[in-house]
Amino acid sequence: MASNMDREMILADFQVKYLALFPSHLQPRGFPVPEGWLLPSVCLSTAVVCGLGFYTACTGIENIDEAITLLEQNNWDLVAAINGVIPQENGILQSDYGGETIPGPAFDPASHPAPSPAPSSSSAFRPVIPTRQIIERQPRMLDFRVEYRDRNVDVVLEDSCTVGEIKQILENELQIPVSKMLLKGWKTGDVEDSMVLKSLHLPKNNSLYVLTPDLPPPSSSSHSGALQESLNQNFMLIITHREVQREYNLNFSGSSTIQEVKRNVYDLTSIPVRHQLWEGWPTSATDDSMCLAESGLSYPCHRLTVGRRSSPAQTREQSEEQSTDVHMVSDSDGDDFEDASEFGVDDGEVFGMASSALRKSPMMPENAENEGDALLQFTAEFSSRYGDCHPVFFIGSLEAAFQEAFYVKARDRKLLAIYLHHDESVLTNVFCSQMLCAESIVSYLSQNFITWAWDLTKDANRARFLTMCNRHFGSVVAQTIRTQKTDQFPLFLIIMGKRSSNEVLNVIQGNTTVDELMMRLMAAMEIFTAQQQEDIKDEDEREARENVKREQDEAYRLSLEADRAKREAHEREMAEQFRLEQIRKEQEEEREAIRLSLEQALPPEPKEEDAEPVSKLRIRTPSGEFLERRFLASNKLQIVFDFVASKGFPWDEFKLLSTFPRRDITQLDPNKSLLEVKLFPQETLFLEAKE
């Protein structure tokens with residue numbers, strides 16, 4: 001299909017020649033000519049053929065009937081017909097004839113027979129426009145109808161705006177924070193807020209809806225819970241292709257949209273979405289952007305019927321016994337083969353049924369719940385058909401293969417090779433037996449690749465892989481695989497993991513040789529090796545920084561532990577000192593209390609002139625001081641002990657000794673009198689601490 005710039009150049013160049021051939025009653029709207037101008041029949045035929053050829057070149061529509069129908073619907077206005085099929089990225093194409101377009105009679109080649117040649121004159125033909133027409137680029141406005149619960153919000157923006165700007169407008173209208181808002185209904189799946197609307201190739205009118213899973217519903221939480229449960233359920237759609245009377249059993253999640261179902265049916269039936277005629281959709285399913293959970297489908301199974309919508313041109317052809325349209329003669333033979341699928345005949349299907357009947361079992365079961373079990377059967381069947389010398393297929397899901405190939409250390413990373421098998425392709429046996437099982441290919445793949453395989457022969461498995469492909473690689477890669485014909489299989493996808501996404505380096509088709517396959521694998525490996533070296537360098541630098549940080553953290557941790565240990569030891573020491581000090585104080589207080597009680601219990605000191613005999617004792621303390629006191633000779637020795645204890649020398653800590661003869665007085669009977677122990681009339685004693 002031509003690009004926008006190519007289309008604009010073709011249109012500007014063609015209008016100069018195309019418009020010069022039309023009289024006023026046959027000219028497209030907006031291009032006035034003087035009345036009475038005539039057009040020879042040869043010019044009429046040339047103009048129609050040129051216009052039709054230009055229209056199909058711009059739009060890529062190969063079906064001539066469909067092209068004529070679309071031109072008739074737009075009154076043979078080329079600009080309007082092109083814009084109606086292919087929305088422009090940079091604005092709607094308009095012809096620059098100054099001011100507004102002037103409506104004119106509709107062009108219909110069937111209603112205007114070719115007139116007879118007019119006499120030659122200077123006014124018989126419209127003069128050729130000498131100047132090149134200008135195609136203006138005007139800002140393209142997009143209309144969005146956004147549904148949120150029971151509200152509809154209309155948003156009109158230029159296509160140069162971003163998705164985030166739509167959310168900002170909705171935030172003001174719906175009073176919902178942008179961070180809590182999920183904007184759904186995009187034809188290409190989920191998009192980023194920074195995505196420019198122009199890059200999404202949207203039509204003028206769009207329907208979207210807002211989901212707020214993090215916000216509670218305004219009134220009933222049970223309805224929201226039921227909807228969330230439906231979004232997580234899987235619906236089995238039993239779809240009957242009316243023309244060929246064939247059923248497809250397809251599994252879709254409740255969050256899938258009706259548009260996704262129709263696109264998958266297009267992959268299986270080759271009926272474009274705009275030509276699909278459906279029966280069985282619930283009456284509530286009014287919008288293709290609606291998810292299945294909200295469409296009212298029967299759970300768990302729902303039956304639908306799809307067929308090809310007949311265009312008005314096809315209906316006219318079927319009612320006529322012979323076609324008299326001279327403009328279709330040159331293209332009809334090629335269209336018979338291109339439109340053969342409309343009658344339910346598919347070459348791959350016919351040959352596939354014959355070849356499948358010869359095989360004992362399929363490569364992979366249909367609707368397998370576990371991808372690992374499906375790949376186990378694939379590996380076993382592959383070995384039974386082509387021998388044990390084949391690549392080692394990874395057993396597990398595609399996500400697990402990503403983990404094994406990409407999410408490891410940079411030195412251990414590998415490329416991911418995805419082998420897509422198709423039993424109905426005539427190239428499959430040759431590719432598998434001669435190329436994929438070649439020892440050089442097997443060895444190279446084993447050393448440098450993680451090889452994951454999938455079988456696209458069954459319709460359900462094909463739809464399942466396209467869903468996985470769209471999720472992991474984006475819609476471009478999914479569309480590339482979707483448009484591959486059966487005889488272009490098998491395919492080999494070479495995937496390289498990057499920091500933020502997975503990149504498809506190469507798509508290798510089955511019509512290749514061993515040398516070419518090896519060269520393309522090696523070319524992909526060179527790209528991967530260069531990227532891997534950068535990743536290793538970045539990873540080494542990151543690990544070095546992390547090691548330094550870990551060492552600093554460890555040193556800091558040890559320093560904190562040492563400081564904490566010192567602090568705890570100091571605290572224990574202070575606590576012990578405090579405890580000992582408390583004990584000492586208690587002991588001193590107890591000793592002082594005992595001393596005071598003993599001092600108060602002592603009998604009064606007798607006088608020297610007392611009538612009773614008096615003994616005078618002189619006691620030397622360990623510090624060299626002397627304690628002197630008089631006692632009655634009849635006083636018991638215990639009174640002397642109490643006197644000494646009242647002075648701070650308890651008899652259980654000190655012993656009282658006499659000099660001549662040397663004896664330990666504390667060993668004597670304390671109940672004896674001083675006279676009895678011969679401490680009369682005077683005696684000098686000394687105190688000595690006990691050991």
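Everything numeric here is computed off the predicted structure, so don't read it as measured data. Atoms considered below: every heavy atom in the structure, side chains included; atoms not considered: hydrogens, waters and symmetry mates.
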Study note, to complete from the structure: Heavy-atom nearest pair, S397 first then F394, reads O-CE2, 3.9 Å
Review point. Looking just at side-chain N and O atoms, do N152 and R145 make a donor-acceptor pair shorter than 3.5 Å?
Key: no
Review point. Does a side-chain heavy-atom distance below 4.5 Å link L237 with L297?
Key: yes
Practice item. Nearest 0.5 Å please: distance from the CE atom of M496 over to the CD1 atom of I527. Key: 7.0 Å
**Study point:** Derivation of the side chain to side chain contact (heavy atoms under 4.5 Å, CB included) call for T162 and L197
**Key:** CA-CA 6 Å; T162 63; L197 299 177; over 6 Å; no
Check your understanding: Are any non-hydrogen side-chain atoms of I169 and V155 less than 4.5 angstrom apart?
Key -> yes
Exercise for review: Say whether, by atom type as modelled, one donor and one acceptor occur between the side chain of S425 and the main chain of T486 under 3.5 angstrom.
Suggested key: yes
Exercise for review: Verify the ring-centre separation between H302 and F235: is it less than 6.0 angstrom?
Suggested key: no
Review point. Would you say the side-chain atoms of E260 and N264 include a donor-acceptor pair closer than 3.5 Å?
Key: no
Point to revise | I166/L157 under side chain to side chain contact (heavy atoms under 4.5 Å, CB included): CA gap, chis, key distance, verdict | key: CA-CA 8 Å; I166 299 180; L157 288 174; 3.3 Å; yes
Point to revise | Where I176 and K180 come nearest, the two heavy atoms and their spacing | key: CG2-CB, 4.5 Å
Check your understanding: Is there a side-chain contact between V507 and F492, using heavy atoms and a 4.5 Å cut-off?
Key -> no
Check your understanding: Does R242 pair with E279 as a salt bridge, N-O distance under 4.0 Å?
Key -> yes
Review point. What do the steps show when you test V196 against C161 for side chain to side chain contact (heavy atoms under 4.5 Å, CB included), and what is the final call?
Key: CA-CA 6 Å; V196 180; C161 298; over 6 Å; no
Review point. Side chains of T240 and Y248: is there a donor and an acceptor less than 3.5 Å apart?
Key: no
**Study point:** Sole residue of V477, I418, V476 in side-chain contact (heavy atoms from CB on, under 4.5 Å) with V504
**Key:** V477
Review point. How many angstroms lie between CZ in F489 and CD in Q509, if you round to the nearest 0.5 Å?
Key: 9.0 Å
Review point. How many angstroms lie between CG in L182 and CG in D190, if you round to the nearest 0.5 Å?
Key: 8.0 Å
Review point. Does some side-chain heavy atom of W454 sit less than 4.5 Å from a side-chain heavy atom of M364?
Key: yes
Point to revise | Lys/Arg N to Asp/Glu carboxylate O, E247 vs R303, below 4.0 Å | key: yes
**Study point:** Over 12 foreign heavy atoms within 6.0 Å of CD, E546
**Key:** yes
Check your understanding: Is the gap between the ring centers of F378 and F393 under 6.0 Å?
Key -> yes
Exercise for review: Kindly give the heavy-atom pair with the smallest separation between G307 and E243, and that separation in Å.
Suggested key: CA-OE1, 3.4 Å
Check your understanding: Just checking, is any N or O donor in the side chain of E399 or H472 under 3.5 Å from an acceptor N or O on the other one?
Key -> yes
**Study point:** Euclidean distance, I481 CD1 relative to L466 CG, rounded to 0.5 Å
**Key:** 6.5 Å
Point to revise | Main-chain N/O of T457 paired with E424 side-chain donor or acceptor, under 3.5 Å | key: no
Revision key, fill the gap. Heavy atoms of K458 and P362 approach each other most closely as CE-CB, 4.2 Å
Review point. Donor-acceptor pair, T257 side chain versus S289 backbone, under 3.5 Å?
Key: no
Point to revise | Student check: side-chain heavy atoms of N448 and F528 closer than 4.5 Å | key: no
Check your understanding: Under 4.0 Å between a Lys/Arg side-chain N and an Asp/Glu carboxylate O for D455 and R462?
Key -> no
Review point. In terms of heavy-atom contacts, does CZ of F465 have more than 12 from other residues, nucleotides or ligands at under 6.0 Å?
Key: yes
Exercise for review: Would you check if the side chain of R309 reaches a backbone N or O of W278 as a donor-acceptor pair within less than 3.5 Å?
Suggested key: no
**Study point:** Donor-acceptor contact below 3.5 Å, side chain E371 vs main chain L398
**Key:** yes
Review point. Is there a donor-acceptor pair closer than 3.5 Å between any side-chain N or O of Q533 and the backbone N or O of A530?
Key: no
**Study point:** N/O donor-acceptor pair under 3.5 Å between S199 side chain and M195 backbone
**Key:** no
Revision key, fill the gap. Closest heavy-atom pair, P272 versus S270, reported as atoms and distance to 0.1 Å, is CD-O, 3.5 Å
Review point. Got a donor-acceptor contact below 3.5 angstrom from the Q276 side chain to the R308 backbone?
Key: no
Practice item. Walk me through it: do R482 and Y266 pass the test side chain to side chain contact (heavy atoms under 4.5 Å, CB included)? Key: CA-CA 9 Å; R482 182 181 288 113; Y266 164 60; 4.2 Å; yes
Check your understanding: Does the R140 side chain pair with the main chain of D159, one donor and one acceptor, at a distance under 3.5 Å?
Key -> no
**Study point:** Side-chain heavy-atom pair E539, E534 within 4.5 angstrom cut-off
**Key:** no
Check your understanding: Is there side-chain contact between I239 and V265, with at least one heavy-atom pair below 4.5 Å?
Key -> yes
Review point. Below 4.5 Å, heavy atoms only, C-beta onward: do L170 and M181 meet side chain to side chain?
Key: yes
Check your understanding: So, are R464 and E366 salt-bridged, with charged N and O less than 4.0 Å apart?
Key -> no
Review point. Roughly how far, to the nearest 0.5 Å, is the CE atom of M290 from the NZ atom of K184?
Key: 16.0 Å
Practice item. For atom NZ of K167, decide whether the heavy atoms of other residues, nucleotides or ligands shown that lie under 6.0 angstrom number more than 12. Key: yes
Point to revise | Distance-minimising heavy-atom pair for A401 and L416 | key: CB-CD1, 4.1 Å
Review point. To the nearest 0.5 Å, what is the distance between CD (Q488) and CG (L420)?
Key: 12.5 Å
